Number of protein chains: 2
Amino acid sequence: MRKDSRLSRVLHVLIHMGASHEPLSSSRIGDMLVTNPVVVRRLMANLSKAGFITTIPGRGGGWVLAQPLSKITMFDVYQLFGEGTLFTLGLTDEHTNCVIEKSINRELDAVLNEAEQLIIDRMKSLKLSELAQ
Amino acid sequence: MRKDSRLSRVLHVLIHMGASHEPLSSSRIGDMLVTNPVVVRRLMANLSKAGFITTIPGRGGGWVLAQPLSKITMFDVYQLFGEGTLFTLGLTDEHTNCVIEKSINRELDAVLNEAEQLIIDRMKSLKLSELAQ
DNA sequence: TTAACAGTAACAATATATGTTACACTTATG
DNA sequence: CATAAGTGTAACATATATTGTTACTGTTAA
């Protein structure tokens, strides 16, 4: 399956941003992530809407942290990107009346939910400031 | 992300197969899964190679279980389809020398591995015969 | 001899993150 | 004030893996 690296990338950016005292531009971040500035702006749009970063417009601008890294958990960031789509496994729903399918879905769903909850709990306890060390 | 429903589908087929005393053909299974017979044959090829089913060629043929459902765990089937690609989250490796990236990958990897291990343990303890009830 | 089956190759469809180009708008700097 | 350096965003291309489809070969029962 295709992998979604947005969480990983955004974490990377945020932590670098915490170490910088000047705004980071999409061009510089693009160099860091080896990608296009527009891809970066798309990523940052989520962070901006969620209030984690502040946009500084115009020349010399970019983004700066709106909160210290110690106040942002990995879960906060995780939530921004496709929560609920963590697993590549999909359940089928071709026949909502088949008891076998229902049984399979119930079990699979239980297993996946338990695993996701574990991940969420771990992420909630992980501050980005801890990743910076 | 696109979901991979092969595991779910194959479990469905195996359990129906356990309840049937005649061979199931790709056409009949295709009706069950609301898909094409060739898609079914592709799915079944994995099960066949792994020794879970036996092919009965020619007219009136199809597949039958080669083992009772009580001897097959969900993990056995899970293994057949993209083990190691359970999560949609991808790690980045643009700069193997960036300590921040390393730190993020280490933490993310630890969290995901722990969750995957939990899923594997649960699946190993789940016999398909238990799903049939 | 024919119909019903598996196996497989080849190709199309689909969905989604990612990559890219283009343009409007804003701001610091000379 | 003109220009360069920025963001924001729309529009379109790319890549990739599952899924869908057609077509063919070979096998077996009736």
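The chains referred to below are lettered A, B, ... by the order of the sequence lines, with proteins before strands, and numbering in each begins at 1. Here the structure is a predicted model, which is why all the values come from computation and not from measurement.
- The distance from atom CG of Leu43(B) to atom P of dA6(C) is 13 Å, rounded to the nearest whole Å.
- A donor-acceptor contact shorter than 3.5 Å is absent between the side chain of Ser8(B) and the backbone of Ser5(B).
- Residue Arg9(B) places at least one side-chain N or O closer than 4.0 Å to OP1 or OP2 of dG20(D).
- The shortest distance between the side-chain N/O atoms of Ser5(B) and the OP1/OP2 oxygens of dT19(D) is below 4.0 Å.
- Between the P atom of dT18(D) and the CG atom of Leu86(B) lies a distance of 14 Å, rounded to the nearest Å.
- Listed by residue number, the members of residues 56-67 of chain B with any heavy atom below 4.0 angstrom from DNA chain D are Pro57(B), Gly58(B), Arg59(B).
- Remark: C1' of dA17(C) and CZ of Phe87(B) are 19 Å apart, rounded to the nearest angstrom.
- Atom CD of Glu22(A) and atom P of dT27(C) are 20 Å apart (whole Å).
- When rounded to the nearest whole Å, the span between CG of Asn46(B) and P of dA6(C) equals 16 Å.
- In this model, no donor atom of one side chain and acceptor atom of the other lie less than 3.5 Å apart for Asn105(B) and Glu101(B).
- Distance Arg41(A) CZ to dC23(C) C1': 11 Å, rounded to the nearest Å.
- The nearest whole Å value for the distance from the CG atom in Asn36(A) to the P atom in dT21(C) is 7 Å.
- Using modelled atom types and a 3.5 Å distance limit, the side chains of Arg9(B) and Thr92(A) yield no donor-acceptor pair.
- In this structure, Thr55(A) reaches the dG8(D) phosphate: one of its side-chain N or O atoms is under 4.0 Å from OP1 or OP2.
- Taking the side chain as every heavy atom from C-beta outward, Leu112(A) and Glu116(A) never approach each other to under 4.5 Å.
- Side-chain polar atoms of Gln117(A) and Asp121(A) form a donor-acceptor pair below 3.5 angstrom.
- Put simply, the side chain of Arg42(B) and the base of dG20(D) share a donor and an acceptor less than 3.5 Å apart.
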Identify every side-chain donor-acceptor pair in residues 55-72 of chain B under 3.5 Å, counting partners at least two apart or on other chains, and give the distances.
{"unit_1": "Thr55(B)", "atom_1": "OG1", "unit_2": "Trp63(B)", "atom_2": "NE1", "d": "3.4"}
{"unit_1": "Gln67(B)", "atom_1": "NE2", "unit_2": "Gly51(B)", "atom_2": "O", "d": "3.4"}

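- Here the C1' atom of nucleotide dT14(C) and the NZ atom of Lys3(B) are 16 Å apart, to the nearest Å.
- A close approach under 4.0 Å does occur between a side-chain nitrogen or oxygen of Ser26(A) and OP1 or OP2 of dT7(D).
- Partners of Ser25(A) by side chain to side chain donor-acceptor pair (under 3.5 Å), not counting sequence neighbours: none found.
- In this structure, the nucleotide among dT18(D), dT7(D), dA17(C) sitting nearest to the side chain of Arg6(A) is dA17(C).
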